[in-house]
Amino acid sequence: MLKRRILWLLLLCSLLCPVQGQASMGAAPASAGTTLARMAGLQQKKKNTKKKNPQAVHPPVRPALSPEAQRKYDYFYLEAVRRKLQGKYDEAFELLQHCLAINPKAASAQYELAQYYLYLKQPDLGVRALEQAVASAPDNYWYCQGLANLYMQQNEQDKAITLLEDMAVRFPGKLDPLYSLLDLYNRKENYTQVIDVLNRLEQKMGKSEQLTMEKFRIYLQKDDVKSAFREMESLVEEYPTELNYKVMLGDVYLQNGKKDKAHALYKDVLAQEPDNAMAMYSMASYYEETGQQELYRKQLDALLVNKKVASGTKVNVMRQLIVQNEREGGDSLAIIRLFDRIMEQGQDDVQLPMLYAQYLLSKGMNQAAIPVLWQVLDIDPTNNAARMTLLGEAIRQENYPEIIRLCEAGVEATPNMLEYYFYLAIAYNHDERTDDALSICRRALKQVTKDSKKEVISDFYSIIGDAYHEKMQMQEAYAAYDSALVYNPSNIATLNNYAYYLSLERRDLDKAEEMSYKTIKAEPNNATYLDTYAWILFEKGNYAEARIYIDNAMLADGEKSSEVVEHCGDIYYMTGDVEGALKFWQQALEMGSTSPTLKEKIAQKKYIPDETTTE
């Protein structure tokens with residue numbers, strides 16, 4: 001019996017709720033991918049063929065839906081929303097059409113259909129649907145707001161203004177309609193209405209600096225200077241204890257030629273609050289405007305050395321003075337002296353010291369900038385701009401103790417900055433602190449993220465390889481070099497060191513030659529890389545070819561290295577040039593070579609291999 005009742009209800013529903021195509025409570029209408037566009041087109045046709053009735057502004061009032069019809073509407077509307085969420089937009093569109101067949105004045109369905117029409121780039125249908133939604137539910141703020149925005153997008157300014165004015169009355173607690181009206185009246189240059197809207201905002205929000213300044217601007221646009229000044233004066237009257245408003249009024253007077261009134265206001269404020277930075281700066285502007293340059297400079301000096309003035313204000317003033325000094329071709333020492341006086345007051349933040357350091361660096365006074373940058377780091381150890389600038393200077397000077405000092409603190413202050421680990425490892429290597437170099441590289445690798453540059457990771461593994469070589473742990477060294485080349489196969493320094501150390505052990509010479517060849521292809525005039533390649537060829541017995549590359553190494557500044565010069569002698573000997581070999585061996589000895597076999601080579605006048613390198 002229950003089953004038969006359900007079937008009867010479904011049949012009754014299908015008879016009472018016809019939809020284009022077949023539909024029932026149990027199944028939504030099926031549609032092809034083009035149905036949505038087709039249905040929208042059909043609506044456009046209906047709109048074009050419908051006779052106009054100038055008397056009919058809205059559809060005729062219909063009686064309220066019966067409870068049964070309301071239930072059917074709710075079902076199909078919710079089903080349309082569900083299909084929309086599933087991405088079945090064609091089906092949702094048809095269901096919404098069916099909703100309107102049940103209730104042509106349904107605002108919710110009209111609002112949803114408007115979104116589809118706009119998506120299909122049929123704005124006329126979208127506007128019409130949204131207008132019907134607003135007509136059916138005028139107290140729905142969001143429907144009204146959506147229609148107002150649509151009018152503005154289509155530059156239907158008059159329609160938007162009419163709707164927004166109605167919204168301002170209908171929704172007195174909402175400020176957005178008033179702000180939109182403000183924008184529209186400004187665009188139409190209807191300044192009388194702009195003032196009216198600003199007054200309405202002021203009634204709701206109270207008098208404020210922003211509203212007053214906007215009204216002041218509009219009055220000036222209307223050439224109503226009297227009202228403009230009156231507006232600013234009313235702000236001061238409203239808040240008599242707010243001294244900055246008096247300064248603002250003074251600034252307005254000064255900008256509009258009322259210098260005496262401006263001066264009186266500034267004096268009044270400074271009499272009540274001598275450390276008022278805004279008044280101090282405005283008084284300086286007054287002195288400059290009236291040509292009193294000496295008083296202008298004194299006033300700025302007083303502001304800049306005043307401990308109670310915020311550093312941000314001082315920075316802005318100093319920037320202005322720097323620009324002015326550069327424009328006038330003034331003496332930079334005057335600016336430096338002023339900076340020094342400010343710095344004597346002590347600083348709580350880095351803004352002024354950083355500006356001072358930047359100024360000194362711009363003038364090429366790098367050494368003078370160093371103590372200022374250190375002061376920045378004393379205030380804020382995490383200031384990477386200051387630390388990196390100091391580090392760059394230390395690297396240029398090859399000041400390894402300073403590099404270590406900067407980087408050790410940098411690693412602690414900003415552990416995610418891999419640059420500090422890198423230069424610290426290099427400095428440790430230079431100081432033969434091999435274990436420290438290994439430790440800092442391992443710490444660096446723990447900070448690596450998916451965004452870290454592979455070249456940087458490769459360099460850390462390369463340093464690890466060099467450190468293990470120093471400790472004569474060659475297996476670990478080669479493993480580290482392999483890792484370095486995984487991250488960056490073109491790491492030239494790694495390729496060279498890896499190849500050279502293999503050649504010293506007289507092992508994997510083909511692999512060594514291949515790696516070394518990449519280095520001389522990348523840098524054909526690098527004496528170190530040419531020497532490595534020549535030595536690998538020597539160890540492989542290719543003496544004639546080795547001589548070509550060792551000669552190129554010597555021409556490329558290799559003669560400055562005792563090791564390269566000794567290699568040159570070894571290669572010359574094996575090519576039969578004993579006299580040339582002796583000359584180069586003797587030169588290497590005079591350069592301070594510590595080779596264990598060099599003196600014996602000279603004494604016996606023949607090549608003697610260094611067996612210690614293969615141990």
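On a predicted model such as this, the values are computed, not experimentally measured, just so you know.
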Minimum-distance pair of heavy atoms, taken over all atoms of Ser458 and Ala484: OG-O, 2.7 Å
Pair Glu273-Asn276, side-chain donor/acceptor within less than 3.5 Å: yes
Do Asp90 and Arg83 sit within salt-bridge range, that is, some charged N less than 4.0 Å from a carboxylate O? no
Does atom CG of Asp482 have more than 12 heavy-atom neighbours from other groups under 6.0 Å away? yes
Establish, yes or no, whether a centroid distance under 6.0 Å links the rings of Tyr253 and Phe229. yes
Taking atom types as modelled, find out whether Gln157 and Asn155 have a side-chain donor-acceptor pair closer than 3.5 angstrom. yes
Residues forming a side-chain hydrogen bond (donor to acceptor under 3.5 Å, both in side chains) with Asn256, sequence neighbours excluded: none
Side chains of Asn491 and Ser462, donor plus acceptor under 3.5 Å: no
Could you tell me whether the side chains of Ser108 and Tyr73 share a donor-acceptor contact shorter than 3.5 Å? yes
Can a salt bridge be assigned to the pair Lys207 and Glu238 using a cut-off of 4.0 Å between side-chain N and carboxylate O? no
One should read off an interatomic distance between Leu235 CG and Ser208 OG, to the nearest 0.5 angstrom, of 8.0 Å
Could you label the plane-to-plane angle of the Tyr461 and Tyr487 rings as parallel, tilted or perpendicular, counting under 30° as parallel and over 60° as perpendicular? parallel
What are the two closest heavy atoms between Leu198 and Lys215, and how far apart are they? CD1-CG, 3.4 Å
If you measure from OH on Tyr266 to CE on Met283, what distance do you get to the nearest 0.5 Å? 8.5 Å
What class does the angle between the rings of Tyr421 and Phe460 fall in, given that below 30° is parallel, 30 to 60° is tilted and above 60° is perpendicular? perpendicular
Determine, step by step, whether Gln375 and Val350 satisfy the side chain to side chain contact (heavy atoms under 4.5 Å, CB included) criterion, reporting the C-alpha distance in whole Å, the side-chain angles of both residues, the deciding distance to 0.1 Å, and the verdict. CA-CA 8 Å; Gln375 186 171 350; Val350 301; over 6 Å; no
Going from CG on Leu147 to CE on Met167, what distance comes out if it is rounded to the nearest 0.5 angstrom? 9.0 Å
Using a strict threshold of under 4.0 Å (side-chain N to carboxylate O), is an ion pair present between Glu165 and Arg200? yes
Could you label the plane-to-plane angle of the His263 and Tyr286 rings as parallel, tilted or perpendicular, counting under 30° as parallel and over 60° as perpendicular? parallel
Would Asp183 and Arg187 pass as an ion pair if we require N to O under 4.0 Å? yes
Whether over 12 other heavy atoms sit under 6.0 Å from Tyr219 OH: yes
What I want to find out is whether Arg443 reaches Glu412 closely enough, with some N-O distance under 4.0 Å, to be called a salt bridge. yes
Between CG on residue Leu182 and CD on residue Gln193, distance to nearest 0.5 Å: 11.0 Å
CG-CG distance between Leu249 and Leu254, expressed to the nearest 0.5 angstrom: 11.5 Å
d(Leu164 CG, Ser180 OG) to nearest 0.5 Å is 5.5 Å
Pair Tyr420, Asn384: side-chain N/O donor-acceptor within cut-off below 3.5 Å: yes
Compute whether any side-chain donor of one residue and acceptor of the other, for Glu131 and Tyr151, lie under 3.5 angstrom apart. yes
Among side-chain atoms of Asn316 and Gln320, is any donor-acceptor pair under 3.5 angstrom? no
Indicate yes or no: does Glu91 engage Lys84 in a salt bridge with an N to O separation below 4.0 Å. no
If only side-chain N and O atoms count, and only distance matters, is there a donor-acceptor pair under 3.5 Å linking Asp451 with Thr449? no
Ala522 meets the side-chain contact (heavy atoms from CB on, under 4.5 Å) criterion, sequence neighbours left out, with Ile492
